[in-house]
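First comes the structure, then the notes that go with it.
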Amino acid sequence: MAAGYHSVDLSRFALRPGEGRKLELDVEPGELDLGGQRYAIRGDTVPARLDVSRTAAGYAVRMRFVAHVDGACMRCLEEADVPVEVDAREVDQRGTADEELTSPYITDHELDLAHWAHDALALAMPLQLLCRPDCKGLCPVCGASLNDADPAEHEHASEPDPRWAKLRELKLDQ
Ligand SMILES: [Zn+2]
Ligand SMILES: [Zn+2]
């Protein structure tokens, strides 16, 4: 069973306004569903750094981690391991209607870490998941991966059209 933190009780640090606490803990972002494709996190849990600050009327929290996302490369379909860097901040201020200051992940003193890690990772995902930034993709003719081949050498000789050969024969007959 994975041992990632699902939530953190921020009140247990007994921080006063202006005080902060740095935490190292494991988060569990879960699987991602992007454009109908499923992506899993390598190792299920990811070591994260959490900075918690007590503000006058609430909390400011920063979460940082690097998750290795497994999935098929969108160009060559090979297995890709893409490091995705997450650096997310949330502010939660008591007694305000301002959405910018009301975090959906903080309820009273409870930080919903799993939910936040999942959403933050989804936001940080690249638009194209590639096995490497310069992936050359698949040959449009034979479907072979061009990463394994020298593109200068991977060529398909254009076969002469047999109909042209026939035409040539006709001309010779005249
Ligand atoms: Zn690729
Ligand atoms: Zn080819």
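This structure is a prediction, so every number in the text was calculated from the model and none was measured. Here, residue 1 is the first one in the sequence, and each next residue gets the next number. When a ligand or atom number is given, it counts from 1 through the structure's own listing order.
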Can you tell whether the side chains of Arg54 and Glu19 come within less than 4.0 Å, N to carboxylate O?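 Salt bridge flag = no for Glu19 with Arg54.
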
Should we say atom CD of Glu79 is surrounded by more than 12 heavy atoms from elsewhere, each under 6.0 Å from it?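 Yes, enclosed.
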
Val86 and Ala124: which non-hydrogen atoms are nearest, and at how many Å? CG2-CB, 3.9 Å

Rounded to 10°, how many degrees is the angle SG/Cys131-the Zn ion (ligand 1)-SG/Cys135?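 That angle is 110°.
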
Between SG of Cys76 and SG of Cys73, what angle is found at the Zn ion (ligand 1), rounded to 10 degrees?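 The SG/SG angle about the Zn ion (ligand 1) sits at 110°.
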
Geometry at the Zn ion (ligand 2) - Cys142 SG versus Cys139 SG angle, rounded to 10 degrees: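 The angle at the Zn ion (ligand 2) comes to 110°, rounded to the nearest 10°.
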
Tyr105 and Asp92: side-chain donor and acceptor closer than 3.5 Å?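 Note: Tyr105 and Asp92 side chains miss the donor-acceptor criterion.
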
